[in-house]
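The basis for the numbers below is simple: all heavy atoms, side chains too, and nothing from hydrogens, waters or symmetry mates. By convention in this document, chain letters (A, B, ...) are assigned in the order of the sequence lines, proteins followed by strands, and residues within each chain are numbered from 1. As the structure is a prediction and not an experimental result, all values here were calculated from the model.
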Amino acid sequence: DGGITQSPKYLFRKEGQNVTLSCEQNLNHDAMYWYRQDPGQGLRLIYYSQIVNDFQKGDIAEGYSVSREKKESFPLTVTSAQKNPTAFYLCASSPGQGAKETQYFGPGTRLLVL
Amino acid sequence: AQSVTQLGSHVSVSEGALVLLRCNYSSSVPPYLFWYVQYPNQGLQLLLKYTTGATLVKGINGFEAEFKKSETSFHLTKPSAHMSDAAEYFCAVSDPPWEGGGNKLTFGTGTQLKVEL
C-alpha cells in the first residue's frame, strides 16, 4: 500500500540532545513538508522540500534542520537549540509543487521532553 | 500574508443534526481552499478542496463546503451528524501561483466537533 510512514510514534528527548524524526513516502511525490502541531494553534510549517537536494525554511525553522538526499525520505532533526520541542510533528507530501496540490499526511510523531 | 479564522474552537451537535463549521480567510485574490479532518493522535485527511469552477464542493463522508467570495468564507456543512464525525477539523488556504504562494498551506487553529446522542 502507498503512503507516508513516520517513526517513531513517540520520542523522548533529554536536555541538550538532538533527535531525528523519520519520514518516508512511497507515493513518488516530489514535494515533502514538516509541520508542528500544538494544542489550539493549528499546524505551522517548519521546512519544506520541492525537489531532492533542495529545501526551504517555513515559518518556524529555528532549532530544526532537514535533509532531502532521496526522493522518498525527508528526516527532521530537532536540535538542542529548540527550547520548546514538545509537540506533535506531522510529515506530509504532495505530487507536485502547485498550490492546488493536495498534501497527504503521515500518522505523526509525538515528541516529549524528559 | 494569508490568514485563516475558524470561529468556534469547540462545536457540539446532536446526532442527526446539521453540522456547520465556519472558516473565513483573508486574501487579496481568491485562494485555493481545503478542509482536513484529524482523528485523535492521527495525521490529517483531506475532506474536500476548492480550486476553481463550481463553488459548492462535495467531499467525503457526506461533507460539503461552499466558497463565497463576497464573504471570504468557506464553511463546512453536513446535513446529519454521525457519532463517527467527532474529530478536529482544519481549514487551510494556499495562494494561487500568480501570488507566489507555491504550495504553502496556511492552517486555521481548528474546530473540535463533538457529537452527542
**Request:** Inspect the surroundings of CG in A:L112 and state if more than 12 heavy atoms from other residues, nucleotides or ligands are less than 6.0 Å away.
**Result:** yes
**Prompt:** So, A:S94 versus A:Y33: side-chain donor-acceptor pair below 3.5 Å or not?
**Reply:** yes
**Asked** Given a strict heavy-atom distance threshold of 4.5 Å, which part of B:Q45 is in contact with chain A: side chain, backbone, both, or neither?
**Response** neither
**Request:** Would you mind checking which part of B:Y50 comes under 4.5 Å of any heavy atom in chain A, side chain (CB onward), backbone (N, CA, C, O), both or neither?
**Result:** neither
**Prompt:** So how far is it from B:F107 CZ to B:Y36 OH, rounded to the nearest 0.5 Å?
**Reply:** 5.5 Å
**Prompt:** Heavy atoms, side chains only, cut-off 4.5 Å: are B:L48 and B:L76 in contact?
**Reply:** yes
**Message:** Quick check on the 6.0 Å ring-centre criterion: do A:F105 and A:Y35 meet it?
**Reply:** yes
**Request:** Tell me, yes or no, whether the heavy-atom count around A:R13 atom CZ, taken from other residues, nucleotides or ligands under 6.0 Å, exceeds 12.
**Result:** yes
**Message:** Heavy-atom pairs under 4.5 Å with chain B - which of A:G40, A:G108, A:C91, A:G96 has more of them than the others?
**Reply:** A:G40
**Request:** Under 4.5 Å heavy-atom distance to chain A, tell me which part of B:S9 shows up: side chain, backbone, both or neither.
**Result:** neither
**Request:** Please state whether the side chain, the backbone, both or neither of B:L46 comes within less than 4.5 Å of a heavy atom of chain A.
**Result:** side chain
**Request:** Let me know if A:D59 has heavy atoms under 4.5 Å from chain B in its side chain, its backbone, both or neither.
**Result:** side chain
**Asked** Roughly how far, to the nearest 0.5 Å, is CD of A:Q25 from NZ of A:K71?
**Response** 7.5 Å
**Prompt:** Which atoms of B:L105 come close to chain A, meaning under 4.5 Å heavy atom to heavy atom: side chain ones, backbone ones, both, or neither?
**Reply:** both
**Request:** Could you tell me which portion of A:Q103 (side chain, backbone, both or neither) has an atom closer than 4.5 angstrom to a non-hydrogen atom of chain B?
**Result:** both
**Request:** Report the distance from atom CG of A:L21 to atom OG of A:S7, rounding to the nearest 0.5 Å.
**Result:** 8.5 Å
**Item:** Contacting moiety of A:T102, where chain B heavy atoms sit under 4.5 Å
**Value:** both
**Asked** Side chain, backbone, both or neither: which part of A:L90 has a non-hydrogen atom closer than 4.5 Å to chain B?
**Response** side chain
**Request:** Quick one: which of B:Q112, B:Q6, B:Q38, B:E88 has the most heavy-atom pairs under 4.5 Å with chain A, could you say?
**Result:** B:Q38
**Prompt:** Under a 4.5 Å heavy-atom cut-off, does chain B meet the side chain of A:R110, its backbone, both or neither?
**Reply:** side chain
